[in-house]
Structures are given as C-alpha cells and as structure tokens.
Amino acid sequence: MIRSMPEKKNLRVGKLPKRAFFPFLSVLLLAIGGGGVGNPAVSVGWGEEVGQTVVSEESLPVPSRVKVLAGGYLSSDRTTEYGLKWLVRHQYADGSWSFDHTQAPGCRGCSGAGTWKEATNMATAMGLLSLLGYGQTHKNGKYKESIARGLQYLCDSMERSQEAEGSFYQAEGGMFAHALATLCLTEAYAMTRDKKLARPAQLALDFIEHSQNRKTGGWRENPDFREDTLTTGWQLLALKSGYIGYLNISEESVSLGMQFLETMQQEDGSYRLSQAALPGEYPSATAMALICRIRHAEAYDDPNWQKWMKIFVEREIGKNVDENFLTTWAIRQYGGEEWCIWRDRRWEDLRERQCRDESSCEYGSWNPTGDGSERWGRMGTTVWCLMTIETYFRHLPLYQGVNWRKP
C-alpha cells in the first residue's frame with residue numbers, strides 16, 4: 001500500500017478519464033515485429049483499440065505478450081526476466097535501490113559497485129522504471145510488492161520544505177534524478193489511477209517547472225553546470241508523461257523547453273549537449289532532442305530526420321549504455337528498414353553481454369561499461385540494458401501513416 005501524503009490546498013490535479021492514455025513507458029501501444037510507420041498496431045489490455053488488432057491483457061501472461069509483440073525476440077529466452085529478478089534481489093529493505101548494490105540484503109558477492117552511493121533517488125527511480133516498463137505496477141503483477149516499496153520510498157524521500165517542495169534533487173544525480181523519479185510517479189499514477197500518487201506526482205511536476213531557467217528555457221543538472229540538452233530532455237519527457245496522465249502542466253514551460261532545444265541544433269541537424277560542447281561530441285544529445293520532438297509532435301517535417309536515422313544505424317554499437325538506450329528509442333520511433341537493422345544488431349549485443357553464470361549472484365545482470373559506469377555501476381548498467389530491451393515492445397511510432405521519408 002502507498003500511504004497518502006498530507007493534503008495541500010489548491011493542488012492542481014486534473015481528473016483522469018475512464019479511457020486514459022498512459023505515459024511514455026506504458027503498455028498501451030505496442031508494435032509487432034519490425035514496427036514502423038504505417039504498420040498495424042497491437043493494443044494489449046484496457047480495451048483501447050489501436051490499429052487493427054486488440055488483445056486483452058488478461059488473456060496473455062507477460063512471456064506470451066512478449067512473444068506476440070516483439071516478433072519472437074523475447075520469447076526465445078528470458079533475458080528480461082533474468083535481469084528483473086537480479087534487480088529485485090538487490091533492492092534494499094527500505095524499498096530503495098543503490099548504485100552500490102553490494103550492500104543489499106540479497107547480494108551474494110556481486111562486483112561492479114557504483115561510486116554514487118548517495119544517489120538513492122536516482123537509483124530507485126531507475127529500478128522502478130525498468131519494472132514499470134515491463135507492464136508491472138504496484139497493484140498488479142508478480143513484482144507489485146517491490147514496486148510498491150520503491151514508490152513509497154520515493155514519496156517518503158520527497159522534499160517537503162516550502163523552498164523546494166516536491167524535489168527529488170540530490171547532489172549526486174541532480175535534476176536528472178528528479179526527472180526520473182517524477183516519471184515513476186506519473187507513470188504509476190496513470191497506469192493505476194491510484195489517488196495517493198496524484199499529489200506527489202503533481203508536486204514533482206511543479207518543481208520541474210519552478211526550476212526551469214526562464215531566460216534560456218532549459219534545465220541544468222546542478223547549479224554549477226549550464227543548461228544542457230539531456231537534462232532538459234528528461235524534464236520535458238516527465239512533463240509530457242504528466243500531461244498524458246491528466247496531471248496539470250504549464251504549456252509555457254514546455255514551449256520554452258522546446259525552444260531551448262532549437263538553440264542547440266546545428267546546421268547539419270545534430271544537437272549539441274550544451275553551448276560549451278563541441279558539435280557531434282554527444283550523439284545521445286541528438287537522440288534525446290529527436291525523441292522530445294516526436295513526443296511533442298514536431299519532428300515529422302524535419303528534413304534531417306531520415307539522415308540522422310541512417311547515421312545512427314551505421315554507427316558501431318558503443319559501450320555507453322545510456323546512449324544506446326536513447327538511440328534505440330529514437331530509431332524505434334522512426335521504424336522501417338533502419339529499425340529492423342538496428343533491432344537485430346542491438347538484440348544480439350545485449351544477449352551476448354548478459355551474465356549467464358547461474359552459480360554467480362551476477363546472473364541476469366550486465367557488467368558495467370562505458371562513460372558513467374563508474375558512477376552507476378552494475379545496477380545502473382543493468383537498468384539501461386533492460387529499458388533498451390523493453391523499447392522493443394513498449395514504444396510505437398507516434399505518427400501512424402505519416403511518411404517520414406518525404407523529401
């Protein structure tokens with residue numbers, strides 16, 4: 001059970017209709033096989049009709065849903081479940097996760113602890129997102145108790161002071177952690193309509209708006225940094241998730257954020273991480289900006305869209321798991337031949353690198369690799385890989401029937 005937070009006067013929370021759409025990681029829209037623009041869609045559960053086929057949630061257990069919706073990719077082995085079981089084993093007794101997973105009660109000697117030991121909000125949010133992304137909630141599913149304890153931890157750790165009410169900000173993780181924690185609350189609220197989550201979710205969204213730099217339109221990870229594309233992108237995705245869940249957001253705040261992304265775009269269509277970064281230095285910035293533009297219905301007429309999808313596909317799969325996640329999500333939205341090529345390569349890479357020694361406590365996880373791995377360690381690396389796999393059957397291109405490849 002999620003305990004209720006104290007009531008607050010004038011809390012602006014919209015009413016959730018009976019037939020509501022769910023946030024960006026939800027299970028409402030899914031794709032068959034290669035996916036892509038114009039392909040028939042499948043809706044699993046909640047009676048929403050999308051495309052040509054409807055399958056009820058109750059009629060399919062998770063492994064069967066995966067088999068139908070991912071073209072058999074996840075039915076041939078239990079890659080995702082192995083990873084989620086490792087994750088749940090390394091949850092702390094208070095419901096949190098830590099990038100130093102080695103101190104969790106269920107750990108039996110894993111290596112690869114992260115150095116961000118105080119970033120509990122960020123670690124907990126990442127753990128929850130991978131479970132929510134698998135179609136689990138704190139109301140239903142075999143991981144409901146783990147999710148409930150994680151959500152309760154976030155609600156209890158939310159800042160209550162008047163100056164920073166609703167904040168999940170920590171020195172390690174900064175506004176990145178806040179955006180991920182906000183996504184957990186808005187996602188869980190929209191999927192379950194649990195009124196106890198409405199207040200903390202709204203407060204977290206309000207804090208995002210209050211922390212925005214109104215002059216530039218962007219957000220910064222912490223006060224010592226400049227506004228950047230990745231931090232801004234995650235805040236925009238959280239706001240979009242809240243909007244889809246019928247919580248209250250500021251249209252002005254979203255508009256300013258999108259304008260900031262425009263200032264980061266270069267002549268070749270790529271995006272800088274920040275004004276101080278070199279063009280093309282961070283491919284993840286381009287992927288994030290494209291995802292935000294898709295989510296806010298702005299990307300379909302960009303002549304650089306197809307070009308950048310081909311560049312993403314032609315690149316070697318890197319070691320940066322967070323960048324691979326964003327790239328996979330962006331290409332998934334584009335669909336078509338580019339998605340089919342990337343999908344096959346990425347899947348084989350993920351399977352080959354997962355730890356499969358059943359005698360080891362590391363079984364089901366992924367070894368830390370790439371930039372940032374020293375901070376988030378094995379736990380964070382495993383979550384990024386899980387969310388990448390879930391992208392295969394959680395995200396449907398938003399523009400069904402639109403010709404992305406027009407001149």
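For the atom pair CG of Asp206 and CG of Asn248, the computed distance is 7.5 Å after rounding to the nearest 0.5 Å. Interatomic distance, OG1 of Thr286 versus CE of Met288, reported as 11.5 Å (0.5 Å rounding). Remark: Ser270 OG to Lys307 NZ distance equals 7.5 Å, nearest 0.5 Å. Taking NZ from Lys139 and CG from Asp194, the interatomic distance works out to 4.5 Å, rounded to the nearest 0.5 Å. In this structure, the separation between OG on Ser211 and CD on Gln235 is 6.0 Å, given to the nearest 0.5 Å. Between atom OG of residue Ser167 and atom CD1 of residue Ile208 there is a gap of 10.0 Å, rounded to the nearest 0.5 Å.
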inquiry  = Show, in sequence, the C-alpha distance, side-chain angles and deciding distance for Tyr282 and Thr229, and conclude whether the side-chain hydrogen bond (donor to acceptor under 3.5 Å, both in side chains) test is met.
reply    = CA-CA 10 Å; Tyr282 296 93; Thr229 302; over 6 Å; no

ask   = Taking it one step at a time, do Glu227 and Arg214 satisfy salt bridge (charged side-chain N to carboxylate O under 4.0 Å, His left out)?
value = CA-CA 11 Å; Glu227 293 78 22; Arg214 293 285 168 159; over 6 Å; no

query = Under the side-chain contact (heavy atoms from CB on, under 4.5 Å) criterion, do Thr327 and Ser284 qualify, and how do the steps go?
reply = CA-CA 7 Å; Thr327 302; Ser284 55; 6.0 Å; no

request  = Could you go through the side-chain contact (heavy atoms from CB on, under 4.5 Å) check for Ile389 and Trp347 one step at a time?
outcome  = CA-CA 8 Å; Ile389 294 173; Trp347 175 245; 3.9 Å; yes

ask   = Would Trp86 and His90 satisfy ring-ring contact (aromatic ring centres under 6.0 Å, His included), going step by step from the backbone distance to the final call?
value = CA-CA 6 Å; Trp86 181 91; His90 290 80; 4.1 Å; yes

key: Intermediate values then yes/no, side-chain contact (heavy atoms from CB on, under 4.5 Å), Phe225 and Met175   = CA-CA 11 Å; Phe225 293 175; Met175 284 302 294; over 6 Å; no

ask   = Can you check side-chain contact (heavy atoms from CB on, under 4.5 Å) on Leu386 and Tyr134, steps first, answer last?
value = CA-CA 9 Å; Leu386 284 170; Tyr134 197 54; over 6 Å; no

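For the residue pair Ser253 and Glu209, no side-chain donor N or O sits within less than 3.5 Å of a side-chain acceptor on the partner. Side-chain N/O atoms of Gln259 and Thr263 include no donor and acceptor closer than 3.5 Å. Using a 3.5 Å distance cut-off with no hydrogens or angles, the side chains of Glu159 and Ser161 do pair a donor with an acceptor.
Atom CD of Glu145 has 12 or fewer heavy atoms from other residues, nucleotides or ligands within 6.0 Å.
A donor-acceptor contact shorter than 3.5 Å is absent between the side chain of Gln170 and the backbone of Ala177. With hydrogens and angles disregarded, a donor-acceptor distance shorter than 3.5 Å links the side chain of Arg149 to the backbone of Tyr92. In this structure a side-chain-to-backbone donor-acceptor pair under 3.5 Å is missing from Trp219 to Phe176. No side-chain donor-acceptor contact under 3.5 Å links Thr186 to the backbone of Ala201. The backbone N or O of Ser146 sits less than 3.5 Å from a side-chain atom of Gln91, completing a donor-acceptor pair. The main-chain N or O of Asn213 is never found under 3.5 Å from a side-chain atom of Arg220 such that the two would form a donor-acceptor pair. Formation of a donor-acceptor pair under 3.5 Å by the Lys240 side chain with backbone atoms of Arg295 is found in this model. Side-chain N or O atoms of Asp371 include none that pairs as donor or acceptor with a backbone N or O of Asn320 at under 3.5 Å.
Residues Asn121 and Tyr169 are not in side-chain contact: their nearest non-hydrogen atoms beyond the backbone lie 4.5 Å or more apart. Taking 4.5 Å as the limit, every side-chain heavy atom of Trp116 sits out of range of all side-chain heavy atoms of Trp376. Annotation: side chain of Trp366 is not in contact with side chain of Ser373 (no heavy-atom distance under 4.5 Å). For the pair Leu326 and Leu230, the minimum side-chain heavy-atom distance is below 4.5 Å. The side-chain heavy atoms of Met122 and His178, taken from C-beta on, include no pair separated by under 4.5 Å. Residues Leu205 and Gln202 have side chains in contact (heavy-atom distance under 4.5 Å, counting atoms from C-beta outward). Side-chain contact between Leu84 and Gln136 is absent, with no heavy atoms from C-beta onward closer than 4.5 Å. A heavy-atom distance below 4.5 Å is not found between the side chains of Thr124 and Phe168.
Glu172 and Arg375 are not joined by a salt bridge, as no carboxylate oxygen comes within less than 4.0 angstrom of a charged side-chain nitrogen.
Scanning both residues, Thr391 and Trp329, for their nearest heavy atoms gives CG2-CA, 3.7 Å. Here the shortest heavy-atom pairing between Thr79 and Arg356 reads OG1-NH2, 3.0 Å. The minimum heavy-atom distance linking Pro368 with Gly377 is given by the pair CG-C, 3.7 Å. The minimum heavy-atom distance between Gly127 and Leu87, with the atom names listed, is O-CD2, 3.6 Å. When all heavy atoms of Gly218 and Thr232 are compared, the closest pair comes out as CA-OG1, 3.5 Å. Nearest approach of Ile331 to Met309, heavy atoms of both residues: CA-SD, 3.8 Å.
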Could you list the donor-acceptor pairs under 3.5 angstrom formed between side-chain atoms of residues 102-113 and any protein atom two or more places apart in sequence or on another chain?
from: Thr102; atom 1: OG1; to: Asp100; atom 2: OD1; distance (Å): 2.5
from: Ser111; atom 1: OG; to: Glu362; atom 2: OE2; distance (Å): 2.7
from: Ser111; atom 1: OG; to: Arg378; atom 2: NH2; distance (Å): 3.2

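For Arg346, the side chain to side chain contact (heavy atoms under 4.5 Å, CB included) partners two or more places apart in sequence, or in a different chain, are Ile317, Asn324, Thr328, Trp342, Asp349, Leu350, Arg353, Thr388, Tyr392.
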